[in-house]
Amino acid sequence: MDLHLTPATATADERAAVDELLGAPGSGWHGAERDELTHRVARGGRSARDDRHLLLPALHALQARAGWITEGGLNYVCERLTVPPAEAYGVATFYAMFSVEPRPPRVVHVCDDLACRANGAARICEQLEARHGPPGTKLGDPQGDGSWTWLRSPCLGHCEAPTPVLVQRVGPRARDHEVVGVEDADAVDLEGTLPGAYADLEGGSNGEDGGWPAPQARGDRSGLRLLKRIGVVDPESFDDYHAHGGYAALRRAVELGVEGTIREVSDAKLLGRGGAAFPTGVKWKAVAEQPEHPHYFICNADESEPGTFKDRVVMEHDPFALIEALTIAGYATGSEQGYIYIRGEYPLATRRLRHAIGEARHRGYLGEDVMGEGFRFDVELRRGAGAYICGEETALFNSLEGKRGEPRNKPPFPVKRGLFGKPTGINNVETLLNVLEILEIGGAAYAEIGTEGSTGPRLFCLSGNVAKPGLYEAAFGVTLRELLVMAGGVTGELRAVLLGGAAGGFVTPDDLDIRMTFEDARAGGYTLGSGVVMALNDDVDLVDIVLRIARFFRDESCGQCVPCRVGTVRQEEALHRLVAERTIGSRDDELALLDDIAVVMRDASICGLGQTAASAVQSAVTTLHLFEEARS
């Protein structure tokens with residue numbers, strides 16, 4: 001008996017896709033994307049053969065070329081990167097945008113998450129299922145390139161639009177994905193294209209003619225600080241950005257020096273805008289003081305919280321601002337290498353950031369000698385692949401290193417031991433954007449904006465049942481009522497507002513005068529989270545919304561720790577029993593079980609996903625008394 005198994009081999013097309021990224025075997029680093037990924041070793045403290053961190057880009061290349069990751073293609077990637085096949089397979093199966101099973105050349109992902117469900121996404125999915133069969137059904141020409149399939153998708157980060165649809169296409173010259181918005185299932189044809197009655201999100205969602213309001217606070221545009229360039233500056237023109245004050249903040253940082261720059265950020269009392277509200281100046285100072293080198297600085301652009309799209313709008317329409325702000329962070333923390341980890345479902349933002357990085361490097365604003373000022377900083381853009389958990393900072397580190405996106409235990413904290421085991425700073429897009437304003441007007445002046453405990457402007461994502469959904473900027477201290485007025489008011493009779501997204505909580509129409517500040521949120525038992533403000537009227541099935549939240553966390557749990565892996569499943573099961581009136585014991589017994597599950601997940605989960613997975617459910621029970629209504 002022949003006990004030797006011959007491993008599957010890659011096709012010529014699959015090899016070409018990987019070689020285009022990595023360069024021909026044995027030739028060193030000479031791939032098509034070398035301008036983005038060329039600094040993987042320089043001053044990185046890693047071996048030139050330690051290329052595992054290129055695993056995600058290589059898997060993206062395979063997926064885009066063939067439509068799925070074959071065994072032969074995966075073997076070739078493992079050979080090139082010296083990664084054990086079992087580990088590479090574990091990575092490929094972790095991310096929702098990758099498939100290790102055959103897929104048609106076009107895959108249509110239809111968002112059916114919270115904001116879209118409030119505006120008819122469930123109806124669109126029902127229409128698609130009635131016409132074309134359940135999700136995953138192969139449609140069109142089964143033998144040709146015209147075949148396609150459709151899948152239900154979690155939030156695609158275009159909550160200000162009609163139901164967004166992500167289209168993944170296959171081919172060496174095709175854009176591997178794009179996002180459009182559809183009003184109904186008629187816009188999805190058997191070719192997998194979306195002709196006629198759809199709104200093209202690729203051109204940007206900030207034009208009044210596009211069907212959505214410009215991403216700005218209503219009224220006096222001169223009051224805008226974070227969004228002041230959007231709709232004014234060409235996002236693909238370095239010269240236009242420079243003419244509108246671009247890179248003045250970086251020059252100011254160099255004039256102040258490292259300590260002066262950190263002092264301005266500290267004086268501004270800037271708190272992180274990703275949800276944790278950690279003082280930015282404290283984080284930067286801690287990284288800068290670490291004696292071990294190299295240091296890294298990461299922009300967390302894996303914005304995946306349902307209802308959140310603020311970072312996407314900034315990246316699409318003001319990409320040079322993010323590059324400048326990240327460069328300032330790198331300078332202040334002594335980091336020579338930066339990364340932007342961008343959500344895989346953001347095609348336009350990815351293209352524009354890639355262009356902006358190339359332009360900044362070409363003009364001398366990234367590289368070995370930034371602006372001729374004697375410091376080195378460069379940026380690599382890395383795409384995620386559909387994993388909400390990678391918004392957690394340590395899971396993001398693992399993903400960047402070519403591993404499954406599973407969180408790490410803390411301590412050690414990232415400022416001491418982060419990416420590649422080195423000191424690492426990390427902020428999200430909105431946090432970094434505030435640094436430009438701080439250096440323009442000074443930390444003390446910035447601290448005068450907003451409130452004592454919540455300084456500066458804040459971006460809010462208004463969605464759901466409002467007349468003008470979109471991105472709005474307001475100073476901290478604005479009330480919920482004022483935000484809803486900015487968005488044109490609620491359409492229909494307001495029943496509840498979800499604050500902070502799926503990991504947040506509900507407030508009622510009696511709570512519209514609450515102030516949107518960190519201190520008020522702590523005192524009032526609500527959360528600002530990532531800036532989600534989702535209005536839900538009395539036409540929305542709130543029980544369906546809560547069930548969708550529970551399903552979201554069940555699906556997105558990485559499964560690493562038992563409290564989250566089991567708790568999210570048990571939570572969803574209990575909710576379904578309540579809705580079906582098939583409770584274990586009485587209704588109160590079932591609600592008590594939900595409380596117990598919530599406590600265990602909050603107290604024993606490794607990361608914030610499990611710790612907040614029950615927040616909105618508990619809020620629905622205690623604030624909205626939702627399941628009392630469902631039973632009655």
Pairwise distance NZ(Lys283) to CD1(Ile262) - rounded to 0.5 angstrom: 13.0 Å
Leu226 CG to Lys310 NZ distance, which is reported to the nearest 0.5 Å: 10.0 Å
Phe375 and Tyr331: CA distance, side-chain angles, deciding distance, ring-ring contact (aromatic ring centres under 6.0 Å, His included) verdict: CA-CA 7 Å; Phe375 74 95; Tyr331 169 73; 4.8 Å; yes
Any donor-acceptor N/O pair, Gln337 side chain to Phe377 backbone, under 3.5 Å: no
Between Tyr247 and Thr327: side-chain donor-acceptor atoms closer than 3.5 Å: no
Candidate pair Val370 and Arg376, rule side-chain contact (heavy atoms from CB on, under 4.5 Å), full reasoning: CA-CA 6 Å; Val370 176; Arg376 178 188 181 278; 6.0 Å; no
Pair Phe397 and Phe420, ring centroids less than 6.0 Å apart: no
Step-by-step salt bridge (Lys or Arg N to Asp or Glu O under 4.0 Å) determination, Arg361 to Glu359: CA-CA 5 Å; Arg361 190 178 290 136; Glu359 281 291 290; over 6 Å; no
Exceeds 12 heavy-atom contacts within 6.0 angstrom, atom CD of Glu259: no
Any donor-acceptor N/O pair, Ser530 side chain to Gly274 backbone, under 3.5 Å: no
Near-ring test Tyr365/Phe320, centroid separation under 6.0 angstrom: no
Test side chain to side chain donor-acceptor pair (under 3.5 Å) applied to Arg515 and Thr479, Asp520, Thr451, the passing residue: Asp520
Interatomic distance, Arg351 atom CZ to Tyr346 atom OH [nearest 0.5 angstrom]: 14.5 Å
Step-by-step side-chain contact (heavy atoms from CB on, under 4.5 Å) determination, Leu56 to Arg383: CA-CA 8 Å; Leu56 249 67; Arg383 286 174 57 202; over 6 Å; no
Backbone N/O of Tyr446 and side chain of Glu437: donor-acceptor pair under 3.5 Å: no
Test salt bridge (Lys or Arg N to Asp or Glu O under 4.0 Å) applied to Glu393 and Lys410, step by step: CA-CA 11 Å; Glu393 57 187 13; Lys410 293 184 284 189; 3.1 Å; yes
Polar side-chain atom of Thr394 near backbone of Arg408 as donor-acceptor pair, under 3.5 Å: yes
Sidechain-backbone polar pair: Arg548 side chain, Leu114 backbone, donor-acceptor under 3.5 Å: no
All side-chain contact (heavy atoms from CB on, under 4.5 Å) counterparts of Ala301, not counting sequence neighbours: Cys299, Met315, Ile340, Ile342, Val429
N/O donor-acceptor pair under 3.5 Å between Asn300 side chain and Asn428 backbone: no
Short side-chain to backbone donor-acceptor contact, Arg352 and Glu316, under 3.5 Å: yes
Pair His295, Glu336: side-chain N/O donor-acceptor within cut-off below 3.5 Å: no
Intermediate values then yes/no, ring-ring contact (aromatic ring centres under 6.0 Å, His included), Tyr526 and Phe506: CA-CA 8 Å; Tyr526 56 95; Phe506 294 95; over 10 Å; no
Donor-acceptor contact below 3.5 Å, side chain Glu303 vs main chain Arg312: yes
Modelled atom types, side-chain donor and acceptor of Arg363 and His242, under 3.5 Å: no
Residue from Arg251, Arg252, Lys228, Arg225 passing salt bridge (Lys or Arg N to Asp or Glu O under 4.0 Å) with Glu440: Lys228
Spatial distance of atom CG (Leu156) from atom SG (Cys111) [nearest 0.5 Å]: 5.0 Å
Salt bridge flag under 4.0 Å for residues Arg229 and Asp318: yes
SG-CG distance between Cys159 and Leu471, expressed to the nearest 0.5 angstrom: 11.0 Å
Residues, nucleotides or ligands: over 12 heavy atoms within 6.0 Å of Glu519 CD: yes
Nearest-0.5 Å distance that lies between atom OH in Tyr339 and atom CG in Leu419: 6.0 Å
From CA spacing to verdict: side-chain hydrogen bond (donor to acceptor under 3.5 Å, both in side chains), Tyr241, Glu324: CA-CA 11 Å; Tyr241 177 71; Glu324 180 183 3; 2.4 Å; yes
Sidechain-backbone polar pair: Glu392 side chain, Ala395 backbone, donor-acceptor under 3.5 Å: yes
Sole residue of Glu452, Glu264, Glu448 in salt bridge (Lys or Arg N to Asp or Glu O under 4.0 Å) with Lys269: Glu452
Thr612 side chain to Gly608 backbone, donor-acceptor under 3.5 Å: yes
